[in-house]
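What follows is a short report on a single structure.
From a predicted model like this one, the values you see are computed outputs, not experimental measurements.
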Amino acid sequence: MAPLPRRIIIDTDPGQDDAVTILLALASPELTVDAITTVAGNVAVEQTARNACALLELAHRTDVPVYAGAARPLRKDPIYAANVHGETGMGGANLPPPTLRAQPQHAVDALIERLTQAHDDQNPITLVCLGPLTNIATALTRAPDCVHGIAQIVAMGGAQREGGNITPTAEFNFFVDPDAAKIVLECGRPITLLPLDVTHRAIATPKRLAPISAHNTPVSAMVTRMLGAEDRFEKLKYGWEGGALHDPLTIGWLLRPDLFAGRVCNVVVECDAPLCLGQSIVDYWAVTSRTPNALWVDEIDAEAFYSLLAERLGRLK
């Protein structure tokens, strides 16, 4: 008997890269998107919820519920990234305002409810986390038993060898809410992290985007507009041919883990030191006695990943 599609909840702050991630998940029959929960991150939470709704309308998947969640980190003031992603969070998307609306239930309550129901299920839920981890940490703190409904957590977050992209030491998602990242990393469930160490190996060059553009659909046109824009922040910052495709690697890893490599090790997040706030401390060489708690992914077959991305996005009209 064929295995059931993997059930996922995408926790996100769309975000251009988040948008591509959501579309990739929707285009993959190996996955069932149970829900999308949104969090403040790239832009305010109200806008991230609108962006998720607009993407579902674009993909003709308004059956997937959206829940708006945390408007601010657990302890810190909010930090946004409109300078990177544009005022709406999805610069270049040019999507019309959605008619789909987020559900009235708060994202944290929806997570607790769905994870609790999945506790005894034969197909528990994988959490795919693309933004600050505030919603997930709040759910785990408020209802600790809901952790048993989590099959695994796959998150874009952290940095070690690449340094930070928001401070010299910290990656954006962990820096925005380091306290939440700490709680999630200590939850005891299997965790896979896709840090800058691997996402900076997946640059959206014109050659890699060309097969996506060739589909000539509304989805492919939006994706290539967003990822190929000449004013991409990272393109200017690093001098690359294009920006790094961060968040979609989470879904790529779920679909084709053979395209990636990494190491199971201990990862903790600095929550107090001002110069290192949000830094990932990765015991890559096992020089401490701390228990390994995450698969730290740092290698990718980028060409194969972009081929997979192009093939899947071609399924969305």
- prompt: Would Glu303 and Arg208 pass as an ion pair if we require N to O under 4.0 Å?
  reply: yes

- prompt: Is there a donor-acceptor pair under 3.5 Å between the side chain of Lys207 and the backbone N or O of Ala204?
  reply: no

field: Nearest atoms (heavy-atom pairs only) where Ala71 meets Ala40
entry: O-CB, 3.4 Å

query: In the single-linkage hydrophobic clustering (I, L, V, M, F, W, Y; side-chain heavy atoms under 4.5 Å), do Ile10 and Leu100 co-cluster?
result: yes

task: Evaluate the side chain to side chain donor-acceptor pair (under 3.5 Å) criterion for residues Arg50 and Gln47: first the C-alpha distance (whole Å), next the side-chain angles of each, then the deciding distance (0.1 Å), finally the verdict.
output: CA-CA 5 Å; Arg50 283 194 291 272; Gln47 184 64 53; 3.0 Å; yes

Hydrophobic cluster identity match, Leu31 and Ile153, side-chain contacts under 4.5 Å: no

message: Taking the basic N atoms (NZ, or NE/NH1/NH2) and the acidic carboxylate oxygens, is any pair closer than 4.0 Å for Glu30 and Arg256?
response: no

field: ILVMFWY network linking Leu130 to Val20, side-chain heavy atoms under 4.5 angstrom
entry: yes

task: Identify which one of Asp283, Val264, Val267 satisfies the side-chain contact (heavy atoms from CB on, under 4.5 Å) criterion when paired with Pro292.
output: Val264

field: Presence of salt bridge, Asp272 and Arg75, under 4.0 angstrom
entry: yes

query: For residues 34-78, which residue pairs qualify under ring-ring contact (aromatic ring centres under 6.0 Å, His included), counting only residues two or more places apart or in two chains?
result: none

- request: Flag yes if more than 12 heavy atoms outside Asp63 fall under 6.0 Å of its CG atom; otherwise flag no.
  value: yes

- request: Using side-chain contact (heavy atoms from CB on, under 4.5 Å) as the criterion, point out the one residue from Leu245, Asp247, Leu26 that pairs with Thr21.
  value: Asp247

message: Is there a side-chain contact between Ile191 and Asn293 in this structure, where contact means two heavy atoms from C-beta onward sitting under 4.5 Å apart?
response: no

query: Taking Asp197 for the side chain and Gln160 for the main chain, is one N or O donor matched with an acceptor at less than 3.5 Å?
result: yes

task: From the options Asp18, Asp17, Thr48, select the one residue that forms a side-chain contact (heavy atoms from CB on, under 4.5 Å) with Asn42.
output: Asp18

field: Pairwise side-chain contact, Leu313 with Ser220, heavy-atom cut-off 4.5 Å (strictly under)
entry: no

message: Could you measure the distance from the CG atom of Asn165 to the CZ atom of Phe175? Nearest 0.5 Å is fine.
response: 10.5 Å

task: With Asn135 as reference, evaluate Asp13, Thr12, Leu127, Val39 under the side-chain contact (heavy atoms from CB on, under 4.5 Å) test and give the passing residue.
output: Val39

query: Ignoring hydrogens and geometry, is there a side-chain-to-backbone donor-acceptor pair from Arg72 to Lys76 under 3.5 Å?
result: yes

- request: Check whether Leu194 and Ile9 end up in the same hydrophobic cluster, where Ile, Leu, Val, Met, Phe, Trp and Tyr are linked by side-chain heavy atoms less than 4.5 Å apart.
  value: no

message: For residues 144-172, which residue pairs pass the ring-ring contact (aromatic ring centres under 6.0 Å, His included) check, not counting sequence neighbours?
response: His119-His148

- prompt: Checking salt bridge (charged side-chain N to carboxylate O under 4.0 Å, His left out) for the pair Arg142/Asp109: CA distance, chi angles, key distance, verdict?
  reply: CA-CA 9 Å; Arg142 190 179 299 173; Asp109 296 323; 3.3 Å; yes

- request: From the options Ile136, Thr134, Val269, select the one residue that forms a side-chain contact (heavy atoms from CB on, under 4.5 Å) with Val184.
  value: Ile136

message: Between Ser280 and Ala159 (side chain of the first, backbone of the second, donor and acceptor by atom type, cut-off under 3.5 Å), is there such a pair?
response: yes

task: State, yes or no, whether a side-chain contact exists between Leu115 and Ile125 at a heavy-atom distance under 4.5 Å.
output: yes

